[in-house]
Amino acid sequence: MVDLSELNDAQREAVETLQGPVLILAGAGSGKTRVLISRIAVLIDRGIIRPYQLLALTFTNKAAKELRERLHAMIGPVAEQVRAGTFHSTFARLLRRDIAALGYRDNFAIYDTDDSERVIKRILEDRKAPEERFSPGRIHSLISRAKNSAEAPEGFLRAMPGPVAKVAADICSEYQKRLKSNNALDFDDLLLAPKQLFDQFPKLLETYRDQFPYILVDEYQDTNRAQYELIKALAARDQNICVVGDDDQSIYGWRGADLRNILEFEKDFPNAKVVRLEQNYRSTPQILDLAWNVIRRNVDRKEKKLWTKKDDGDNATVISAMDENEEAWRIVEEIDRLAIHERRPYGHFAVLYRINAQSRALEDTLRRRGIPYELVGGVRFYERREIKDVLAYLRILDNPDDAVSLLRIINVPKRGIGESTVKQLSDYAAASGMSLREALKKVDDIQALKKAAKSRLAAFNALLTGLEEEAAAAKPSVITRQVIEKTGIRAAWEDEGSEEAHTRIDNILEFRFALEEMEENNPELTLRDFLQEVTLMTEVDEWQEDKGHVTLMTLHSAKGLEFPVVFVSGLEDGLLPLAGREDRSSDVEEERRLFYVGMTRAQDKLYLSFANRRRLFGEGGVQAPSPFLSDIPTELIDGDTLPRHSDISISLGEHARSRSASSGLGRRKPAGDSDHHYRVGDRIRHRDFGDGTVISKSGGADDLKIRVLFRNAGTKTLLVRVAPIKKLKS
DNA sequence: TATATAGTGTTTTTT
DNA sequence: ACACTATATA
């Protein structure tokens, strides 16, 4: 029997509702994971399902691992049979079996964001996109967004405003074509391809419905449309689907997470049982009260209010600093004070911020004080250049059609194969309809190549062929060793000899050791499995709780974690909420949720800090405190007084407003430029019309109009106050 | 083809 | 401020 006596009523209801669709609205700190594992345990214990019939989908490997481990602790080794995994790894595995029907081979490569952007970059180059240069990253994120929308991507993009979307629409079918000829899928395809399979082959869908009659989804508020469609397809027949989420913690909207999925779950599954978990086991009543006073301002949310049996704690403390250095100093001072007076280990503290750039002042201050800290985030291990180089060799061995990987390492380490040589090779490949790898085997036939180029390519070909032979028989770790040594990658870094080069060699070796360790745990590990795992892996596993160091991280990374003492820093208008750039709308409700997520990480003590002036992106802007702060009743906070908004405008005056309009921070809707200093002859840029020159002025003050001659859009009259324009430096 | 310089674009990032 | 990348130059 599974022991449910420690659960509260709502939790027990969530656990005991075993049939039909269930939506568990699990507030922050409400014991969500405990409910999940209890539910699985009951399902198995009562013989309703076999462990392997349950599919549990999470967003991170860490979450899947935690689920499996805690389940193991509760019900023993059968827990290992439960299919718990991330969306991407679960469906990647499915595709390895069944993707042939879509015209891919089972050795398909999985492209990460960087690989995808390389493909797009090449497309742009091939099209010789004229004057306007669009960043591959921008286009990729649009294409990704379109794919996640589960609509026809091209139509989706055509319907979007703005010139970048048009280009993205033009490019996306070519992008898809190239992925296919590389036998590669991007992250989004890992979700879309299964959906296509299910749509085209209903029998296959039935097989999977038989295999997984029970489905469970964690962090449901973060699912995008494509994920939602997949879940729906799988669950439609048996309706045994349990989703857990918190609409108040949805902070990935900018990546396509669709709040509708949770807000309209009851519409999609009409018989759904909704359970609210509102008892919080993490924070003091003061912290919950504060957080509630902020989040309740959101309109798009399901009504709920967290409560706790915990004893009263302290009010939150506001820290108002002159600039980011003073802010950091005051935070660190407070950490030190609590560490001494309350004997708190440094592991109790987390400092959270909106953007990674904010970490610098904090790091400097902590380092000067000699306080151990760990920075979470930044460049991921497997995305480092030297690691990706090694990976590219390994990938080309597993999937010879992977042109992105081949092009990446064709001259790494430097072997004298330059741009023009590569061009001739790829032209030949394109003309004769073969892959780059095949063309490389036929260098002798390529007339255009010079003798020297030919022999270098031939040498590279021989290198690859040697590795391929090795790869056919050897273990992944042995192949990797060969790659590191035989290609000269290691030797090249050693020749460079700099400190940085040493770090890179260390990373490469660490990479190899990690692989060897994986092999020890799983002697059957294939190169393909390894590559897949590495591509779909995150670094979160490496972050260790309570290791006696202060943790620094973004608000996004903090989701799902908890700390006794939390500092939410940088509470300034334009930073939190972060003002989007003029072409991208920022969603204030999502920013508010982000703040909410930050506050609800705190168990005992919460600090809210802001700087009146902050140097960011080279410019020092004067900022007003975050409007979110004025949502908080003053009786709930101690510490520095909060300037009222009227005080701010008096004390900072015009200066503040014009600064915030022209610096990156504080630029807010309406998109109009409040810096009205336009003169005839000034060059400006308009969001839709492009660049132009001011040819006359009329009206004044708030009514100022300018006539602008655009390079490509003729002459327009614009109301400066509202027009989406900005002044270009002359 | 490799290196110096100018130019640029800067959110968040589970996969 | 700073890091990354496209362009010019040897």
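The chains referred to below are lettered A, B, ... by the order of the sequence lines, with proteins before strands, and numbering in each begins at 1. For the numbers below, each heavy atom of this structure counts, side chains included, while hydrogens, waters and symmetry mates do not.
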What I want to find out is whether [X] reaches [Y] closely enough, with some N-O distance under 4.0 Å, to be called a salt bridge.
X: A:Lys180; Y: A:Asp189; answer: no
X: A:Arg613; Y: A:Asp323; answer: no
X: A:Arg593; Y: A:Asp247; answer: no

DNA chain B: 5'-proximal contact among A:Ser89 and A:Glu419 (nearest heavy atom):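 Closer to the 5' end of DNA chain B: A:Glu419.
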
Tell me what [X] touches on the nucleic acid: a base, only sugar-phosphate, or nothing, going by heavy atoms under 4.0 Å.
X: A:Tyr252; answer: base
X: A:Ile417; answer: sugar-phosphate
X: A:Glu219; answer: nothing
X: A:Ser420; answer: sugar-phosphate

Does [X] put a side-chain nitrogen or oxygen below 4.0 Å from OP1 or OP2 of [N]?
X: A:Ser557; N: B:dT13; answer: yes
X: A:Thr554; N: B:dT11; answer: no
X: A:Asn356; N: B:dT13; answer: yes

Between atom [atom1] in [X] and atom [atom2] in [N], what is the gap in whole Å?
X: A:Lys559; N: B:dT13; atom1: NZ; atom2: C1'; answer: 11 Å
X: A:Glu590; N: B:dT13; atom1: CD; atom2: P; answer: 13 Å
X: A:Glu117; N: C:dA6; atom1: CD; atom2: P; answer: 12 Å
X: A:Ile120; N: C:dT5; atom1: CD1; atom2: P; answer: 16 Å
X: A:His88; N: B:dT13; atom1: NE2; atom2: P; answer: 17 Å
X: A:Leu578; N: B:dT13; atom1: CG; atom2: P; answer: 12 Å
X: A:Leu616; N: C:dA3; atom1: CG; atom2: C1'; answer: 15 Å
X: A:Leu575; N: B:dT10; atom1: CG; atom2: C1'; answer: 14 Å

If you check the [X] side chain, which of [options] turns out closest?
X: A:Lys121; options: B:dT11, C:dA1, C:dA6; answer: C:dA6
X: A:Arg255; options: C:dA1, C:dC2, B:dT13; answer: B:dT13
X: A:Lys414; options: B:dA2, C:dC2, C:dA1; answer: B:dA2
X: A:Arg138; options: B:dT10, B:dT13, B:dA2; answer: B:dT10
X: A:His556; options: B:dT13, C:dA1, B:dA2; answer: B:dT13
X: A:Trp254; options: C:dA6, B:dT13, C:dA1; answer: B:dT13

Side chain to side chain donor-acceptor pair (under 3.5 Å) partners for A:Thr86, two or more places apart: A:Ser89

Which residues share a salt bridge (charged side-chain N to carboxylate O under 4.0 Å, His left out) with A:Arg260, sequence neighbours left out: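 Residues passing salt bridge (charged side-chain N to carboxylate O under 4.0 Å, His left out) with A:Arg260: A:Asp258.
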
Worked verdict on A:Leu407 versus A:Arg122 for side chain to side chain contact (heavy atoms under 4.5 Å, CB included): CA-CA 11 Å; A:Leu407 289 171; A:Arg122 286 197 80 81; 3.7 Å; yes

